[in-house]
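These notes concern the structure reproduced below.
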Amino acid sequence: MGVPPMCMTETAMPRGAHPSFLLSSDSEFSPRLANGLYSRAMKCPFEFILEATDPGCAARAGRFATPHGVVETPIFMPVGTQASVKALSQEDLYALNAKIILSNAYHLYLRPGTEIIEEAGGLHRFMHWDRPILTDSGGFQVFSLAQMAKVRPEGVTFQSHIDGSRHVLTPEKAMDIQIAIGADIIMCFDECTHYPATYEKAAASMRQTMEWAARCKAQWEAREASGQALFGIVQGSTFQELRQESAERLVEIGFPGYAIGGVSVGESREDMRAATEWAAARLPVDKPRYLMGVGSPEDFLDGIERGVDMFDCVMPTRNARNGSLFTSEGKLNIRNQRFQRDFGPLDPACKCSVCRTYSRAYLAHLYRAGEISALRLNTLHNISFMLELAAAAREAIRAGRFLDFKNTFLEKYGA
RNA sequence: GGUGGGAUGCCCGAGUGGUUAAUGGGGCUGGGCUGUAAACCCAGUGGCUAACGCCUACGUUGGUUCAAAUCCAACUCCCACCA
């Protein structure tokens, strides 16, 4: 029996149902672009297949297909806000075997502008990256650039952080921009609720995001953009009822995938885990879940344990540029004096090209000297670290021993 | 040889009588960074002390003054220009 096409199965499975019909033994997954099962086949190639669940926790492994290829989950997605993963080239990303990257509609809309990307033939061609891309809508910028934005039910009025010019971003416009950019996965325009928030504020913010989600879906359908999967975003801050309500309302609207937003904004690790759990429990098992902005290696594993499939975070890239590097034995800061005469590898347990080639002493020197190569080498390593961690997690889930794997990792990592 | 300018904490460099252990940079030491306005931000950086505090510091020596990095004199060294 074939896997039901995504377009026809947007309603959630009954809670508690075992997703056995979603388990596939096919080792080769095909997007089935033209197999007749799809009434709107060419517009609807996005498909998620759940392939394994861990017996000890909610962790799951699977894969999703997009117009630009297949991605195995759980996955870490490097962030390339301005159509560039900072310090790396796309050749570097291919060499790292990154499968999907993030970009940001708000930033690309302001610069270089949507028209230039369209003229280039879409973002993939513009940046020479032919694997999947996910774009964030600009919702996070409402949060991070709050002092330059005014939020109204209709949308958000922004002042550009680049030149101060005024712009209006609505759910409809956020869809139009992302559709024009041509990402494989596009995100609803949401409001990332500030932390801490009172119940009332969190509720109002979440409900506005839900109304916007319905408008995003309508615009996405009106534009017949289903070749690009649209993900809804759960909000609700640190409140169980709100997280649950948000997830349920999104499922009612129906999306090809669901994100959990409004986490990693200053709350405790406990609160982040709880918010993830509350939301994930109300999301359909046969759709991918994406925990936005997460995270550190330990938060990444926490999310996987709770049934999350996709993650993005600036931490590996930003920290790399600031000298903070992940290793199997914990984070280290290559600026520290003790590395100046340490001629061993950055992480003896790491197989990345940087660890195989350069010493800590050399990396420490490059960083102190302000050499641009320090940024690139550090970033290569940190991204490699996260991608390898994801690969190891997938393997552990398929072997049914995710919690063992996580505990072993954390014991050595020291988190 | 003459004239003028200058010597400040690891380095550069403010400060021209009194909250000055001494502004700012850099360097150095450490910390932070979670849908990227971030190759960024924060803190510390004379000695002793847990702290109150004490001591030592603005080329050297001496002087004026209640009080000197700041005023005066001599000396040492450096720089610029002129011979």
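Atoms CE (A:M148) and P (B:rA37) sit 11 Å apart, rounded to a whole Å. Note: CD1 (A:I334) to C1' (B:rC40) measures 18 Å, nearest angstrom. One interatomic measurement links the two molecules: NE2 of A:H107 to C1' of B:rA37, which rounds to 7 Å at whole-angstrom precision. In this structure, A:I101 atom CD1 and B:rU36 atom P are separated by 13 Å, rounded to whole Å. Atom C1' of nucleotide B:rA39 and atom CG of A:L380 are separated by 15 Å, given to the nearest angstrom. Taking atom CZ of residue A:R321 and atom C1' of nucleotide B:rA39, one finds them 7 Å apart after rounding to whole Å. A straight line from CG of A:L375 to P of B:rA38 spans 14 Å, rounded to a whole angstrom.
Comparing B:rU19 with B:rA67, their P atoms are spaced 15 Å from each other, to the whole Å. Across the C1' atoms, B:rU8 and B:rU3 are found 26 Å apart, a figure rounded to whole Å. Across the C1' atoms, B:rU16 and B:rG25 are found 22 Å apart, a figure rounded to whole Å. Taking atom C1' in both B:rG9 and B:rU56, one finds a spacing of 12 Å when rounded to whole Å. Using C1' as the reference atom, B:rC11 and B:rC66 are 37 Å apart when rounded to the nearest Å. To the nearest whole angstrom, the two P atoms, one in B:rA7 and one in B:rG46, are 22 Å apart. Taking the P atom of each, B:rG1 and B:rU70 are spaced 29 Å apart, rounded to whole Å. With C1' as the reference atom, B:rG24 and B:rA38 are 24 Å apart, rounded to whole Å.
A:D130 and A:H124 share no side-chain donor-acceptor pair at under 3.5 Å.
Every residue two or more places apart in sequence or in another chain that forms a salt bridge (charged side-chain N to carboxylate O under 4.0 Å, His left out) with A:E172 is listed here: A:R215. With sequence neighbours left out, A:S84 forms a side chain to side chain contact (heavy atoms under 4.5 Å, CB included) with no residue at all.
A:E371 comes within 4.0 angstrom of nothing in the nucleic acid, heavy atoms only. Residue A:M77 is out of contact with every strand shown, counting any heavy-atom pair closer than 4.0 Å.
Nucleotide B:rA38 is matched to nothing when pairs are restricted to Watson-Crick or G-U wobble geometry with both distances under 3.5 angstrom. The partner of B:rA67, taking Watson-Crick or G-U wobble pairs whose two distances both stay under 3.5 Å, does not exist in any strand shown. Using the Watson-Crick or G-U wobble rule with both distances under 3.5 Å, B:rC75 pairs with B:rG59. B:rC52 is unpaired under the criterion used here, namely a Watson-Crick or G-U wobble arrangement in which both key atom distances are under 3.5 Å. With both pairing distances under 3.5 Å, B:rC81 is matched to B:rG2 as a Watson-Crick or G-U wobble pair.
Within 6.0 Å of CD in A:E411 there are 12 or fewer heavy atoms belonging to other residues, nucleotides or ligands.
A donor and an acceptor atom sit less than 3.5 Å apart, one in the side chain of A:T317 and one in the base of B:rU36. For B:rA37, its base never sits under 3.5 Å from the side chain of A:Q159 at any donor and acceptor pair.
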- Classify every nucleotide of nucleotides 29-35 of chain B by which part a protein heavy atom approaches to under 4.0 Å, writing B for the base, S for the sugar-phosphate alone and - for neither, in 5'-to-3' order. SSBBBBB
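Contact of the A:I185 side chain with the A:F46 side chain is registered, since non-hydrogen atoms from C-beta on lie closer than 4.5 Å. Between A:K406 and A:F402, some side-chain heavy-atom pair lies under the 4.5 Å cut-off. At least one side-chain heavy atom of A:R269 sits under 4.5 Å from a side-chain heavy atom of A:D299.
Here the CG-CG distance, from A:L325 to A:L346, works out to 5.0 Å after rounding to the nearest 0.5 Å.
Of the charged side-chain nitrogens involved, none lies within less than 4.0 Å of a carboxylate oxygen, so that A:R60 and A:D54 do not count as a salt-bridged pair.
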